[in-house]
Amino acid sequence: MKTYFVWSLHIVIWMGYSLVELLSKRDQLTSKIILFLVFAYLAYGIAEINVKSKRLALMMTGTTSAVCLTCYQLILFCTA
């Protein structure tokens, strides 16, 4: 049950990241990388607190970030 809760929180976090990145189109690449790292650390921290396993938290964070960012890029590609 906790894993579904963490997955839901990660989806919300990565959609928030997508919104922030969408609003900051004129930022440099370094600031976008720093922003990604901040959101990834937040997602990892939330997962680690809830599932109490560093390995599972890292796998969940990596998976959800890859899925959400892939969907974000597909949406940008289709609307361009």
Side-chain angles (χ1 to χ4, degrees):
M1 185 68 173
K2 286 185 180 184
T3 55
Y4 294 120
F5 176 69
V6 172
W7 281 95
S8 301
L9 284 176
H10 277 197
I11 297 299
V12 170
I13 289 170
W14 291 116
M15 289 302 114
Y17 168 77
S18 299
L19 178 66
V20 170
E21 187 176 319
L22 192 75
L23 293 174
S24 63
K25 285 194 180 243
R26 292 186 283 157
D27 287 346
Q28 294 180 350
L29 181 62
T30 54
S31 61
K32 289 185 179 186
I33 291 171
I34 291 170
L35 182 69
F36 174 78
L37 292 175
V38 168
F39 273 84
Y41 184 72
L42 175 70
Y44 172 75
I46 288 173
E48 187 180 1
I49 288 170
N50 285 311
V51 296
K52 306 218 183 337
S53 169
K54 291 182 180 182
R55 182 174 180 227
L56 182 59
L58 187 62
M59 287 189 335
M60 290 176 72
T61 303
T63 304
T64 56
S65 67
V67 168
C68 287
L69 293 177
T70 302
C71 291
Y72 176 71
Q73 290 299 319
L74 284 173
I75 290 170
L76 287 180
F77 178 74
C78 291
T79 59

Pairs of donor and acceptor atoms involving the side chains of residues 14-24, under 3.5 Å and at least two apart or interchain, shall be tabulated with distances.
from  : atom 1 : to    : atom 2 : distance (Å)
Tyr17 : OH     : Glu21 : OE1    : 2.6
Ser18 : OG     : Trp14 : O      : 3.0
Ser24 : OG     : Val20 : O      : 3.1
Ser24 : OG     : Glu21 : O      : 3.4
Ser24 : OG     : Asp27 : OD2    : 3.4

For a quick test of your reading: what N or O donor-acceptor pairs under 3.5 Å do the side chains of residues 60-68 make, sequence neighbours left out?
from  : atom 1 : to    : atom 2 : distance (Å)
Thr61 : OG1    : Ala57 : O      : 2.8
Thr63 : OG1    : Met59 : O      : 2.7
Thr64 : OG1    : His10 : ND1    : 2.9
Thr64 : OG1    : Met60 : O      : 2.9
Thr64 : OG1    : Thr61 : O      : 3.3
Ser65 : OG     : Thr61 : O      : 3.0
Ser65 : OG     : Gly62 : O      : 3.0

| message | Membership question, hydrophobic clusters at under 4.5 Å side-chain separation (ILVMFWY): are Leu37 and Ile34 in the same one? | response | no

| field | Contacts of type side chain to side chain contact (heavy atoms under 4.5 Å, CB included), residue Ile46, not counting sequence neighbours | value | Leu9, Ile13, Leu42, Asn50

| field | Whichever hydrophobic residues join Tyr44 through chains of side-chain contacts under 4.5 Å | value | Leu58

| said: Test of understanding: clusters of I, L, V, M, F, W, Y form through side-chain heavy atoms closer than 4.5 Å, transitively. Do Leu69 and Ile33 belong to the same one? | reply: yes

| Lys32 side, atom NZ; Leu29 side, atom CG - distance, nearest 0.5 Å | 8.0 Å

| note | Besides Phe77, the hydrophobic cluster formed by Ile, Leu, Val, Met, Phe, Trp and Tyr side chains linked at under 4.5 Å, directly or via other members, contains none

